[in-house]
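In what follows, every chain begins at residue 1, and chains take the letters A, B, ... in the order their sequences are listed.
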Amino acid sequence: SNAPHLILSSYIDLNRPFQAIEILHKMRDVGISPPLLSLNRLLESLVSQRRYKDALDLFSEIQNWGGVSLDKFTYNKAVQSAVKLGDLEMAVRLKNSMEGNRMKPDSFTYSVLMSGFCKERRLDDARKLFDEMPEKRVARNQVAYNTMIDGLCKAGDLEGAFSVREQMLEAGVKPNLVTYNTVIGGLCRAGRVEEAKVVLEEMKEQGLAPDGYTCSILFDGYSRLGDSDALVGFFEETME
RNA sequence: GCUUACUUCACCAU
């Protein structure tokens, strides 16, 4: 029967993950084990409500049950929670235990970790993971590249960011809207707004339409420069 | 199989 799953899912859909956890415990007490999908959805719900500690607690509880084999998604939610709590060493341990359990970390695992390291200004560690991906035969996707490019931009290493974008092109991974916004943002932050506009044009040539992010990034770029004329000019251009 | 990650600013933290 999938009644356990339906019950838990309903609570999760109502944004009541803590009640779902109580019910989960009652189910366990009477020998009912909901499917892994329910548990994964519960973890995801906790994470989306920023209850990272609770997510990790639930993760280790499930781990201790035995008999339930966790999957990549389950581990990824634990890695993500540890990263959000700023406990990167734990996040890495979780990634390693994933490998120890014959599960291959995927691009999600890597991107979440890389983004955590970048935010902690540990670019070298992020880069190590980025380099590790091909070694471990994990395909780098757009998010993985975007994460690394953003980290480098924010660290002020624009040349490094450009070279990763080159790698991306060489690997045949198509830059997307986020890639462009990230590069445009990096240039704006460095005060190189004219170059950012060149990239904007390039983006349009690729058939990508600028979105709300693109506009605020450029507006912020101009206001950072204190160039009111250019800002007004850009505004009017945009309004056409 | 299904469900998760990346980009602006502010806030918060620092």
Side-chain angles (χ1 to χ4, degrees), chain A residues 2 5-6 8-9 12-13 17 20 34-52 55 58-59 70-86 91 94-95 98 103 105-121 126 129-130 133 138-155 158 161 164-165 168 173-190 193 196 199-200 203 208-224 231 234 238:
Chain A
N2 67 340
H5 176 67
L6 291 177
L8 292 174
S9 290
I12 294 164
D13 291 342
L36 184 59
L37 178 60
S38 316
L39 304 175
N40 285 346
R41 294 240 297 122
L42 191 42
L43 282 170
E44 186 191 1
S45 168
L46 290 168
V47 170
S48 68
Q49 297 195 16
R50 304 209 170 86
R51 308 305 297 254
Y52 308 119
L58 179 62
F59 174 81
L70 310 185
D71 67 7
K72 218 179 264 194
F73 187 99
T74 325
Y75 273 92
N76 279 341
K77 285 291 125 188
V79 170
Q80 187 183 12
S81 300
V83 165
K84 292 284 187 180
L85 289 172
L94 285 161
K95 167 187 170 278
M98 198 182 313
M103 249 173 283
D106 58 12
S107 58
F108 181 100
T109 323
Y110 277 94
S111 296
V112 166
L113 278 167
M114 282 164 46
S115 142
F117 279 121
C118 288
K119 287 189 178 107
E120 297 284 331
R121 312 254 154 90
L129 288 165
F130 183 71
M133 295 182 75
V138 179
R140 289 171 177 152
N141 62 7
Q142 290 171 324
V143 177
Y145 280 104
N146 291 345
T147 302
M148 196 66 235
I149 291 171
D150 185 52
L152 290 164
C153 284
K154 295 213 167 100
L158 283 186
V164 171
R165 194 191 46 170
M168 183 179 188
V173 178
K174 226 177 174 342
N176 61 12
L177 180 59
V178 175
T179 318
Y180 280 100
N181 285 345
T182 302
V183 171
I184 290 171
L187 288 165
C188 284
R189 217 172 288 118
V193 184
V199 177
L200 174 70
M203 170 179 159
L208 291 169
D211 67 352
Y213 275 89
T214 322
C215 291
S216 37
I217 290 164
L218 282 159
F219 278 123
D220 293 333
Y222 281 119
S223 28
R224 198 185 312 265
L231 191 136
F234 176 66
T238 307

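Across all strands, A:Lys72 comes closer than 4.0 Å to no nucleic acid atom at all (heavy-atom distances). No contact: A:Ser115 has no heavy atom under 4.0 Å from any strand.
No donor-acceptor contact under 3.5 angstrom links the side chains of A:Asn181 and A:Asn146, judged on distance only.
Set against B:rC9, B:rU4, B:rC6, the side chain of A:Asp220 has B:rC9 as its closest nucleotide. Candidate nucleotides B:rU7, B:rC6, B:rU3 were compared by shortest atom distance to the side chain of A:Asn40, and B:rU3 ranks first. Comparing atom distances between the A:Asp71 side chain and each of B:rC6, B:rU8, B:rC2 picks out B:rC2 as nearest. Here the nucleotide nearest the side chain of A:Val178, chosen from B:rU4, B:rU8, B:rC6, is B:rC6. Listed nucleotides: B:rU3, B:rU8, B:rA5. Nearest to the side chain of A:Ser107: B:rA5. Among the nucleotides B:rA5, B:rU3, B:rU7, the one closest to any side-chain atom of A:Leu37 is B:rU3.
Evaluation of atom-type donor-acceptor distances gives a pair under 3.5 Å for the side chain of A:Ser216 against the base of B:rU8. Checked by distance alone, A:Asn141 brings a side-chain donor or acceptor within 3.5 Å of a matching partner on the base of B:rA5.
Going from atom OH of A:Tyr52 over to atom P of B:rC12 covers 18 Å, rounded to whole Å. Between the P atom of B:rC2 and the CG atom of A:Leu6 lies a distance of 19 Å, rounded to the nearest Å. Rounded to an integer number of Å, the gap from CG of A:Asn76 to P of B:rC6 is 13 Å. Taking atom CG of residue A:Leu187 and atom C1' of nucleotide B:rU7, one finds them 13 Å apart after rounding to whole Å.
Shown here for A:Pro210 and A:Leu200, the closest heavy-atom pair between the two residues is CG-CD1, 3.9 Å. Taking all atoms of both residues into account, the shortest heavy-atom contact from A:Thr147 to A:Ser111 is CG2-O, 3.8 Å.
To the nearest 0.5 Å, atoms OG1 (A:Thr182) and CG (A:Asn176) are separated by 8.0 Å.
Both stacking criteria are satisfied for A:Phe108 over the base of B:rU4: a centre-to-centre distance under 5.5 angstrom and an angle between ring planes under 30 degrees. The stacking criteria are not both satisfied for A:Tyr213 over the base of B:rU8, which would need a centre-to-centre distance under 5.5 angstrom and an angle between ring planes under 30 degrees. B:rU3 has A:Phe73 stacked on its base ring, the centres lying under 5.5 angstrom apart and the planes within 30 degrees of parallel.
OP1 or OP2 of B:rU4 has not a single side-chain nitrogen or oxygen of A:Lys84 nearer than 4.0 Å.
Salt bridge absent: A:Asp71 and A:Lys77 never bring a charged side-chain N and a carboxylate O closer than 4.0 Å.
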